[in-house]
Amino acid sequence: MFNKARKIKEKYIQDEMWPSIFCVGCGVGNVLNYTLRAVDEKRIDIDKVVFVSGIGCSSRLPGYIDADGLHTTHGRAIAFATGVKAADPDLHVIIFTGDGDAAGIGGNHLIHAARRNIDMTVICINNFNYGMTGGQVSPTTPTGGFTTTSPYGNIEIPFDLCELAMGAGATYVARWTVGYPYETIQAVKRGLDNKGFSFIEIITPCPTGYGKRNEIGEGKEYWEWCKKNTILKSKYEALPAKERRKEKRIVMGEFRNRKREEFVEELWKLTKA
Amino acid sequence: MRHKYDEKKIRRVIGEKVQFVQGDASAVYGALLAGCSFFAGYPITPASETAELMSKLLPKAGGVYIQMEDEIASMGAIIGASWAGAKTMTTTSGPGFSLMQENIGYACMTETPCVVIDVQRSGPSTGQPTEGSQGDMMQARWGTHGDHEIIALSPNSVQETLDLTIEAFNLSEKYRTPVILLTDGEIGHLREKCVMPEKGEFEIIDRKGPTVGRDKYVPFQADESLVPSMARFGDGYHVYVTGLTHVEKGYPSTSSAEDHDRLVRRLVDKIEKNRKSITMVEKDYQKGSKIAILAYGASARPSAAAVRKLRRKRKKVDFLRLITIWPFPNEEVRELADRVDRIYVPEMNLGQLVHPIREAAEGRAKIIQVPRIGGPLHTPKEIMDAMRKKA
Ligand SMILES: Cc1ncc(C[n+]2csc(CCOP(=O)(O)OP(=O)(O)O)c2C)c(N)n1
Ligand code: SF4
């Protein structure tokens, strides 16, 4: 694993941008590592990949990669990426986005891109809060969760991002935590394989924001917390119906992998006709 | 799969050389002739006709049309497509133009060529959707936050809508900046004769690409033109594009006053220093005039009629029409203010361009507003009456 990480760093990382802006114990960097490993294992020509992002800690990732990158406005990564992909279908589009970026301000673009089944891979780094702006409540903050703008505990019901993506029509959907590197890499690879809209949610530690206010701790403790609060889809499905209904943990795994007409392909059929 | 400019195909798609069409249609023709290959938009009166015609013609011309989920997305998509190498456009009206502002600023900051046509309607808010206005002149200038310079043009006819749409593409490619075409409900829905220019009758400017290899290329480094060369996504140049303040290599630099100053001043200067060559006006001066009418866009039509009527009555009057709105034609306005005592400014708003006009005139002439809102154009008589009431 260590050697592989070094190889990935040499091959894909933009040295001049180092050190990163990420806090100690932040999981965003792990997501970058897993994504680049998936790209590497798929042997995709990096010259033909465009990394697109919105605004947030997670959205800073494209800046650390030696490849084309488009760091857009808050919530709009998918909209910009739609233009990139539609104008040049030969490009592979990978999006890094946060929970606030993707499902708060950018929720409309998310559901429409899923509906269109446009060929792109969205990697949504869910840390349950707005990390970059100091840890405010987000559309995925668990009910009761403490943030700088939910000082009495969150009274809202969070989104299940994967359900949202599936309801809107995404054709590849999976959720993992940073504690499952191989599964995450596998999911990104399948997302890249899918000719359509792929949505991969990765539950990621944010010790400075969500961690601090909910006494989760740092480093190892946070990864443990992620494990404790999630359950594998296979295990969840094996539970008796009654227990399933009571289950509070977040279900992890691959939820969908199916085929459907892809938007840009259909679009260019009109152009070539 | 990349778009190629195919003039024959485009002419076939446009059809007859001489047509009787709306301004919204001639804008589409202009875009196609200029080489637009990507359009993203969202329906809104009185601009919807541009999107409808684009959806019909653009695929046939070898391009791509998308109706996005809103105007924020439309603006984002045309910026993304521009980095993928396309010449791109969106069209909208007031409410949608308001939504586009954040991403217009992003296009300024990242030096992304793209064209936005705002077929202005009467606001604020939803206002009078089917009524024309000139209510977004200042929004075009200052709608997005932060220091920046913008290019905006305003046509007064169907033919000029076509010509200026081509010009808008050329300026956006040349200066790597968003260009706004400010038409309005009157011109957009007006039907007039429109002649497609022949090859050689108009210029097509393409952004300059990198002239050095990948390892020597510095994406935001400019030569004396102040405009950097633009690499296209997918060509291996590995460009990082960000709306954060960035250094020439493209990397963010968010707490250096020096880096910010250098970048933003260059973005302003690349337009400001070319004000002369960007400025287009129509001048019709008479020796010995003491009064003048200064107008633009739709309101320049009744203004020109008022000038003709006054001259028929042997009154001397100067006429200046602004075609370039931003950067503001300061020198031309000052020159007029030096010639006459009073300048009348009919605008379809309660006073927008009258402010930079006053600033440019520097007190050399009295500037008198002739405002009108609510839809209908000024009548020539209304303008002449205002001139009689010696303010
Ligand atoms: C239009 C706009 N509104 C607000 C902001 C401020 N802002 C920057 S990042 C951010 C939230 C980021 O949260 P998330 O997407 O969850 O990413 P994280 O930082 O947690 O990775 C906000 C609200 C902005 N940049 N632009
Ligand atoms: S605030 Fe949270 S998400 Fe942002 S860098 Fe720090 S730990 Fe990571």
Side-chain angles (χ1 to χ4, degrees), chain A residues 14 16-17 21 45-55 59-60 62-93 105-106 108-113 115-116 118 263-265 267-273, chain B residues 1-3 37-38 40 55 58-88 90 102-103 105-106 109-110 112 114 214 219 231-244 246-247 249-252 254:
Chain A
Q14 182 59 270
E16 289 180 67
M17 283 284 287
I21 62 155
D45 177 3
I46 195 73
D47 285 353
K48 290 288 171 195
V49 184
V50 182
F51 293 91
V52 186
S53 66
I55 298 289
S59 289
R60 291 296 283 265
Y64 300 106
I65 310 170
D66 186 3
D68 288 329
L70 191 62
H71 180 222
T72 69
T73 48
H74 190 29
R76 316 303 170 195
I78 292 173
F80 281 69
T82 299
V84 172
K85 182 71 189 178
D88 189 350
D90 294 340
L91 298 173
H92 301 273
V93 174
I105 191 165
N108 199 27
H109 312 306
L110 172 65
I111 57 173
H112 284 279
R115 173 181 61 79
R116 292 184 184 110
I118 182 168
F263 173 70
V264 174
E265 212 165 62
L267 203 57
W268 277 79
K269 276 186 199 161
L270 294 177
T271 295
K272 282 192 256 165
Chain B
M1 253 184 304
R2 287 176 170 191
H3 170 83
S37 66
F38 185 92
S55 73
L58 192 51
K60 292 202 162 85
V64 166
Y65 165 92
I66 308 179
Q67 180 170 312
M68 294 299 288
E69 49 274 17
D70 58 33
E71 289 86 347
I72 301 173
S74 303
M75 194 62 217
I78 68 166
I79 295 170
S82 185
W83 278 97
K87 286 192 184 180
T88 69
T90 186
E102 185 192 8
N103 285 342
Y106 181 89
M109 191 64 154
T110 55
T112 309
C114 55
R214 299 173 188 193
R232 165 186 195 147
F233 281 169
D235 279 352
Y237 286 91
H238 296 189
V239 183
Y240 181 63
V241 182
T242 179
L244 288 169
H246 44 275
V247 294
K249 285 187 172 175
Y251 313 142
T254 52

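Each chain gets a letter, A, B and so on, in the order the sequences are listed, and its residues count up from 1. None of these values were measured; they are calculated from a predicted model.
Comparing A:A81, A:A77, A:A67 by how many heavy-atom pairs each has under 4.5 Å with chain B, the most go to A:A67. Interface remark: of the candidates A:V52, A:T73, A:D45, A:T73 forms the most heavy-atom pairs closer than 4.5 Å to chain B. Per-residue counts of heavy-atom pairs under 4.5 Å with chain B were compared for A:T72, A:T82, A:V264; the largest is that of A:T72. In terms of non-hydrogen atom pairs under 4.5 Å with chain B, the most contact-rich of A:L267, A:L91, A:D66, A:N108 is A:D66. Between chain A and the residues B:A84, B:A73, B:G234, the largest count of heavy-atom pairs under 4.5 Å involves B:G234. Contact count versus chain B (heavy atoms, under 4.5 Å) is highest, among A:K48, A:E16, A:Q14, for A:E16.
Heavy atoms closer than 4.5 Å to chain B are found in both the backbone and the side chain of A:L270. The part of A:F263 that comes within reach of chain B is its side chain, from C-beta onward, which places non-hydrogen atoms under 4.5 angstrom from that chain. Within the 4.5 angstrom heavy-atom criterion, no atom of B:A40 approaches chain A. Only the side chain of B:I66 has a heavy atom closer than 4.5 Å to any heavy atom of chain A.
For the atom pair B:R232 CZ and A:D68 CG, the distance stands at 11.5 Å (nearest 0.5 Å). Atom OG1 in B:T242 sits 7.0 Å away from atom CZ in A:R60 (nearest 0.5 Å). Taken to the nearest 0.5 Å, the NZ atom of B:K60 stands 11.0 Å off from the OG1 atom of A:T271. Rounding to the nearest 0.5 angstrom, the gap separating the CG atom in B:D70 from the CZ atom in A:R76 is 6.5 Å. The NE2 atom of A:H112 lies 9.5 Å from the CE atom of B:M68; values are rounded to the nearest 0.5 Å. Note that CD of B:E69 and CZ of A:R115 are 7.5 Å apart. Values are rounded to the nearest 0.5 Å.
Between B:F38 and A:A86, the shortest heavy-atom contact is CE1-CB, 3.7 Å.
In this pair, A:F80 and B:Y106 present their aromatic rings perpendicular. The plane angle is above 60°, beyond the 30 to 60° band.
Between B:F233 and the options A:D88, A:D47, A:L70, A:V93, a side-chain contact (heavy atoms from CB on, under 4.5 Å) holds for only A:L70.
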